[in-house]
Number of protein chains: 2
Amino acid sequence: MIHQKKIGILGGGQLGKMLAIAAADWSLDIHGLDPDKEAPAKGYYKTLLCGDFNDYNTVMSFGQSMDIITIEIEHVNTDALKELKEMGKTVHPEPEALEVIKDKGAQKLFYQRNHIPTAPFYLCENKQAILSLVENGVINIPFVQKSRSAGYDGKGVLVVDDINKLEKLFDTSSLIEEMADIDKELAIIVSRNESGEYSSFPAVEMLFNPVENLVENLICPADISEQAEKTCREIAKTIIEKLDICGVLAVEFFLNKDGEIWVNEVAPRPHNSGHHTIEANYTSQYQQHLRSILNLSPGNTGLCTQKAMMVNILGEANHTGEANYIGLEEVFQMSNTYVHIYGKKNTKPMRKMGHVTILDDGSISIKDKAKKVLDTLKVFSK
Amino acid sequence: MIHQKKIGILGGGQLGKMLAIAAADWSLDIHGLDPDKEAPAKGYYKTLLCGDFNDYNTVMSFGQSMDIITIEIEHVNTDALKELKEMGKTVHPEPEALEVIKDKGAQKLFYQRNHIPTAPFYLCENKQAILSLVENGVINIPFVQKSRSAGYDGKGVLVVDDINKLEKLFDTSSLIEEMADIDKELAIIVSRNESGEYSSFPAVEMLFNPVENLVENLICPADISEQAEKTCREIAKTIIEKLDICGVLAVEFFLNKDGEIWVNEVAPRPHNSGHHTIEANYTSQYQQHLRSILNLSPGNTGLCTQKAMMVNILGEANHTGEANYIGLEEVFQMSNTYVHIYGKKNTKPMRKMGHVTILDDGSISIKDKAKKVLDTLKVFSK
């Protein structure tokens, strides 16, 4: 019975918090592990153990008292997860899949091996190796350097669009990708359970902040052809099956100007590109993840609105310290507009502090409303 | 700023739990008071103080450390609430309104005084007074006895539809109502904030379990004329204004066979008849209550689906003890079907253990689906 399962989540950020809120409807027994004792999920998990999810012993001791172990961040200790699986614990996603995904180089090799379309790439051991390939005309500017092991949300990523940027290259084992000639960036959330039941959410279109490499807002459904949507869903299905993952998987795509679709990268957990599903879809990505790891049937992934947008609420530039939300009351006056505040005590520039989802109500354009939210709601320090 | 307000809720049942889940989106600082240290809201409130909300000193000491005090059950100590208000605390709903509502006799006198249509009634001090009025032909069988001060969910209510039932009359101060010739029972949730902004949700139609006097399921929108809907909304608006209540107020109506509409009773808090708003409406009654007590603008109360039903999941007859949910996996297979389990450890006959909301998906009839849920999901003891 689902209530007798003790579910442990590695990580206690906003994704963990939203998983816990989804779990509350069913009174699931949810516990978490995070190095920050004031992590956003605190007070929403039944218990929050303060510790490092990258540390073997910490993950082992946390996981041993759980029945099911899952994640809300992929940078965790996979040796411990493998050991817990050996001991008979249910671990979703597969630790082996996590290892492939955590290493951006291994992830690209996985796509290549499985004939999944992705941007051409080179793997380089260090800065010198990259410079040599540039010198020999193998790699052409502009290109992107991605540290194989580090980070997400634009961390460990360098866009080299000018010869002078070469000196800024990270001296680390890297994935080099030539710049795709991108028309749109898309994402699809898919899910799978132990019985092999599969679902996919409608594609979303992501719009990035031009300065930082962070999703600023997204719109759903994506303005793409039926064929492109179908191709994305098929690719996403292939990936979740080949990786043998139970849970949700977010797959990010480039739709190139020539119409080709390339996989950019994946995340084996609820994802920023699925926040809107809380209000815009019959089932949220969070409940879908819980359904998947509990081996329940997937819920209906359809949109229950014509159109939805999600805007990330990021810490304002030049503001570091205790968070102060400006313009909140005005946003509450906007119809069909859903505020999510993550409860992080301190803000810093570009930190994800919350998000707002907007459902189409047929009045003013949804894009104008999204712009109004971004112009109105600001996170300053006190 | 809404995050700096400490919100205290008297009661920690399922209504409190769902208020806390709604508050989680905004990371509000929610605390509760309940005599049961394992109350459903435990783990969803930031803290749960174990104590009696009918005790003056307990409510005072709980309320003194809060900025805003509200309720999820109306049977609380109103003297303490008045005192807290005197001290400058924000108290919603008004303690004076609570006193009117808690006493079913005073509630009826309030309707009479304000020309609000309601069933004809008599107030009797004890069993003997009732028997005299029956003997003198003033009160006719069938009638309903309602204890003026006790209970909800059918407690303290006796239907006298046969002369032999007279001996079962409670010997207590009572409200006597002649039986209305009812076509339908309806409910409307309304809200109001300190700025006087008002909203009302679409009317729902309630279907009662014929054995116990408990709502078994409800459907929204109600199958009534536009004029009847308009009348209900107008009456509900008059009541919330005359009672000077901030927060949500549930108003239950009888639609009589002759077309007349009578107010049955009200509850100044989120209500069983508004559970479906979590999934079926753009704004839930829980977020509307929070918006109202925080003096934020009301959210859109419209339905985001064609039709919705809510079924209460009640403890099975002859089962008392640790709860065991039968058929849960099957219900998770039904599309657009939303399970809510309140997390009560023990079940007993007719105890409210959860509810399921069903949104129309145009496939099989929503009423058939509701019946299937009721036939499938059972709460047994272990």
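Chain letters run A, B, ... following the sequence lines, proteins first, then strands; residues in each count from 1.
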Problem - Proximal component of B:Y338, with respect to chain A [non-hydrogen, under 4.5 Å] - result: side chain
Exercise for the section: Among B:E329, B:M334, B:E330, B:Q333, find the one that has a side-chain contact (heavy atoms from CB on, under 4.5 Å) with A:S297. Expected result: B:Q333
Exercise for the section: Sort B:A20 into side chain, backbone, both or neither according to what part of it lies under 4.5 angstrom from a heavy atom of chain A. Expected result: neither
Practice task
Under 4.5 Å heavy-atom distance to chain B, tell me which part of A:T337 shows up: side chain, backbone, both or neither.
Solution key: backbone
Practice task
Please test B:S27 against A:K344 for side chain to side chain donor-acceptor pair (under 3.5 Å), starting from the C-alpha separation and ending with a verdict.
Solution key: CA-CA 9 Å; B:S27 292; A:K344 296 174 184 175; over 6 Å; no
Practice task
Assess whether atom NZ of B:K348 is packed by more than 12 heavy atoms of other residues, nucleotides or ligands within 6.0 Å.
Solution key: no
Practice task
Inspect the surroundings of CD in B:Q306 and state if more than 12 heavy atoms from other residues, nucleotides or ligands are less than 6.0 Å away.
Solution key: no
Handout entry: Reported SG-to-CG distance for the pair A:C304 and B:L359, which is rounded to 0.5 angstrom
Key = 8.0 Å
Exercise for the section: Assess the pair A:F332 and B:W26: is the distance between their ring centroids shorter than 6.0 Å? Expected result: yes
Practice task
Could you tell me whether B:K372 atom NZ has more than 12 heavy atoms of other residues or ligands within 6.0 Å of it?
Solution key: no
Fill in the blank from the handout: Applying a strict 4.5 Å limit to non-hydrogen atoms, the region of B:N324 in contact with chain A is both
Practice task
Classify the angle between the aromatic ring planes of B:Y325 and A:H3 as parallel (below 30°), tilted (30 to 60°) or perpendicular (above 60°).
Solution key: tilted
Fill in the blank from the handout: Bottom line for A:D29: the part with an atom under 4.5 Å from chain B's heavy atoms is neither
Handout entry: More than 12 heavy atoms of other groups within 6.0 Å of B:K378 NZ
Key = yes
Completion exercise
The reported gap from CG in A:N336 to OG1 in B:T283 (rounded to nearest 0.5 angstrom) is 7.0 Å
Exercise for the section: Measure the shortest side-chain to side-chain distance between A:I2 and B:L328 over non-hydrogen atoms and say whether it is less than 4.5 angstrom. Expected result: yes
Practice task
Could you check if a side-chain atom of B:D25 sits within less than 4.5 angstrom of a side-chain atom of A:V339, using non-hydrogen atoms only?
Solution key: no
Exercise for the section: Check each atom of B:Q4 against the heavy atoms of chain A and say whether the ones under 4.5 Å are side chain, backbone, both or neither. Expected result: side chain
